[in-house]
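No hydrogens, no waters, no symmetry mates; every other heavy atom, side chains included, goes into these values. This structure is a prediction, so every number in the text was calculated from the model and none was measured.
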Number of protein chains: 2
Amino acid sequence: MDNEIQEILINNKLSNTEGRRKILELFLSHNGAMAHNDIEKGLGEKIDRVTVYRTLQKFLNKGIIHSIPTSDGSIQYALCKNDCSEGHHHDDHVHFVCRQCGNTVCLDEVNTPTLDLPKGFKPRQVEVIVSGVCKDCNQPRG
Amino acid sequence: MDNEIQEILINNKLSNTEGRRKILELFLSHNGAMAHNDIEKGLGEKIDRVTVYRTLQKFLNKGIIHSIPTSDGSIQYALCKNDCSEGHHHDDHVHFVCRQCGNTVCLDEVNTPTLDLPKGFKPRQVEVIVSGVCKDCNQPRG
DNA sequence: GTAACTGCAAAATATTTGCATCCTT
DNA sequence: AAGGATGCAAATATTTTGCAGTTAC
């Protein structure tokens with residue numbers, strides 16, 4: 001995993017600092033998206049809240065992570081899987097919010113649909129958030 | 001329009017107060033969704049901020065309005081067109097956020113698609129937010 | 001050594017809660 | 001009259017900004 005972290009930082013021309021490493025580590029070890037607050041908690045509050053804000057902002061700009069709006073107003077962040085770059089996201093997968101465990105995950109294998117919009121509307125990006133019960137919570141046992 | 005306002009309030013067993021009337025009036029006269037802040041401004045700040053919060057919350061619960069999460073984290077609110085009722089939204093249309101004018105509108109005529117999710121995921125609601133350039137901003141003239 | 005990053009303090013915003021008063025029915 | 005709605009004050013929570021000290025390269 002360390003390799004992966006270094007790679008991400010180098011590829012994005014970001015200096016290798018503890019905060020960034022810790023936050024990337026958290027993303028890589030956490031399955032699913034996290035809100036700012038989750039991240040802060042997940043770090044054991046060792047990193048200043050402000051640094052977290054700034055780091056997330058930077059990661060967003062660089063295309064390392066993407067943000068997922070959810071209906072309760074919390075913004076979730078998740079790692080971009082591949083070939084996103086500065087100002088150029090390829091973020092065309094569906095997101096799933098589980099009503100039971102609260103987790104938000106990227107369904108990388110489900111692409112956002114092409115929609116037939118009324119005349120005059122020019123779509124640039126389609127964001128799909130599905131809510132329901134996720135695979136894990138849907139298990140009959142355990 | 002007054003009739004419509006009265007009707008909404010009566011149908012939802014809400015007492016007929018100035019704040020509620022004003023906020024409904026604003027929704028009815030405004031084409032598109034509004035964030036909390038827009039609503040406060042739109043009311044000319046005649047109604048207490050707290051009342052706006054509480055009213056929106058109540059309208060949401062009653063199914064008079066629905067909320068639209070957008071990627072910048074602002075929650076937008078829009079009138080439900082029909083047959084939504086308490087805890088029972090029929091809110092299966094697509095939302096469009098214009099990058100030029102910033103407006104968010106409901107595309108009532110475009111239904112949310114049915115998606116093929118991975119095994120185990122049980123969808124309950126599908127939220128689609130399209131961003132791009134809206135009909136109005138796409139006009140070659142004017 | 002220099003530019004970039006961090007943490008702290010504090011400002012600015014946004015949201016929630018308690019309570020006394022007022023309004024609707 | 002009774003219950004609910006409102007406004008105000010204040011408590012909380014969230015996000016942004018400025019700046020001085022520190023770190024990466």
Side-chain angles (χ1 to χ4, degrees), chain A residues 2-3 5-27 33-62 64-65 67-77 86 102, chain B residues 2-3 5-27 33-62 64-65 67-77 86 102:
Chain A
D2 277 5
N3 276 348
I5 291 173
Q6 306 300 332
E7 203 180 313
I8 293 174
L9 290 174
I10 291 172
N11 285 347
N12 288 283
K13 303 197 189 63
L14 291 174
S15 51
N16 187 334
T17 67
E18 189 187 1
R20 290 173 182 171
R21 267 180 271 126
K22 287 244 172 103
I23 291 178
L24 282 177
E25 191 180 323
L26 186 58
F27 271 117
M34 291 177 291
H36 174 101
N37 202 43
D38 303 325
I39 296 168
E40 227 179 292
K41 298 281 175 52
L43 292 167
E45 325 208 8
K46 299 245 187 137
I47 285 163
D48 194 81
R49 180 193 296 276
V50 175
T51 301
V52 176
Y53 278 113
R54 292 195 270 224
T55 303
L56 290 176
Q57 200 51 56
K58 182 134 281 191
F59 284 2
L60 271 180
N61 288 341
K62 290 289 186 177
I64 298 173
I65 59 178
S67 66
I68 307 155
T70 58
S71 21
D72 65 336
S74 76
I75 301 189
Q76 303 275 331
Y77 301 93
E86 199 152 349
Chain B
D2 277 7
N3 276 347
I5 292 173
Q6 306 300 331
E7 203 180 312
I8 293 173
L9 291 174
I10 291 171
N11 286 347
N12 288 283
K13 302 198 190 63
L14 291 174
S15 51
N16 187 335
T17 67
E18 189 186 0
R20 289 172 181 171
R21 266 181 272 126
K22 287 245 171 104
I23 291 178
L24 282 177
E25 191 180 323
L26 187 59
F27 271 117
M34 291 177 290
H36 174 99
N37 202 42
D38 303 324
I39 296 168
E40 226 179 291
K41 298 282 175 52
L43 292 167
E45 325 210 4
K46 299 247 186 137
I47 284 162
D48 194 82
R49 179 191 297 277
V50 175
T51 301
V52 176
Y53 278 113
R54 292 194 270 226
T55 304
L56 290 176
Q57 199 52 55
K58 183 134 280 190
F59 284 2
L60 270 181
N61 287 341
K62 291 289 187 177
I64 299 172
I65 60 178
S67 66
I68 308 156
T70 58
S71 20
D72 66 334
S74 76
I75 302 189
Q76 302 275 331
Y77 301 93
E86 200 152 353

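Distances were taken from every side-chain heavy atom of D48(B) (C-beta onward) to each of dA5(D), dG7(D), dT6(D); the shortest belongs to dG7(D).
With a 4.5 Å cut-off on side-chain heavy atoms, K58(A) and N12(A) do not count as touching. Looking at heavy atoms from C-beta onward, L56(A) lies in side-chain contact with V52(A) at the 4.5 angstrom threshold. The shortest side-chain heavy-atom distance between N16(A) and Q6(A) falls under the 4.5 Å cut-off. Side chains of N11(B) and K62(B) form no contact here, defined as non-hydrogen atoms less than 4.5 Å apart. For the pair Y53(B)/Q57(B), no side-chain contact is recorded, criterion being any heavy-atom separation below 4.5 Å from C-beta on. Side chains of I64(A) and F27(A) form no contact here, defined as non-hydrogen atoms less than 4.5 Å apart. Using a 4.5 Å heavy-atom threshold, the side chains of Y77(A) and D38(A) count as separate. A heavy-atom distance below 4.5 Å is not found between the side chains of R20(B) and I8(B).
Ionic pairing of E18(A) and K22(A) is present here: one or more N-O contacts between side-chain nitrogen and carboxylate oxygen are shorter than 4.0 angstrom.
Going from atom CD of E40(A) over to atom C1' of dT15(D) covers 11 Å, rounded to whole Å. One interatomic measurement links the two molecules: NZ of K46(A) to P of dT6(C), which rounds to 16 Å at whole-angstrom precision.
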Pairs: protein N or O with nucleotides 19-25 of chain C N or O, under 3.5 Å:
unit_1  : atom_1 : unit_2 : atom_2 : d
dT25(C) : OP1    : N16(B) : N      : 3.2

Between the protein and nucleotides 14-16 of chain C, which nitrogen or oxygen pairs come in under 3.5 angstrom?
unit_1  : atom_1 : unit_2 : atom_2 : d
dT15(C) : OP2    : Y53(B) : OH     : 2.5
dT15(C) : O5'    : Y53(B) : OH     : 3.1

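Close to dC5(C), at under 4.0 Å from its OP1 or OP2, lies a side-chain N or O of K58(A).
Counted by atom type alone, T51(B) and T55(B) present zero donor-acceptor pairs between their side chains at under 3.5 Å.
In the helix from dG1(C)-dC25(D) to dT25(C)-dA1(D), the rotation axis of the first five pairs and that of the last five pairs differ in direction by 40°, rounded to 10 degrees.
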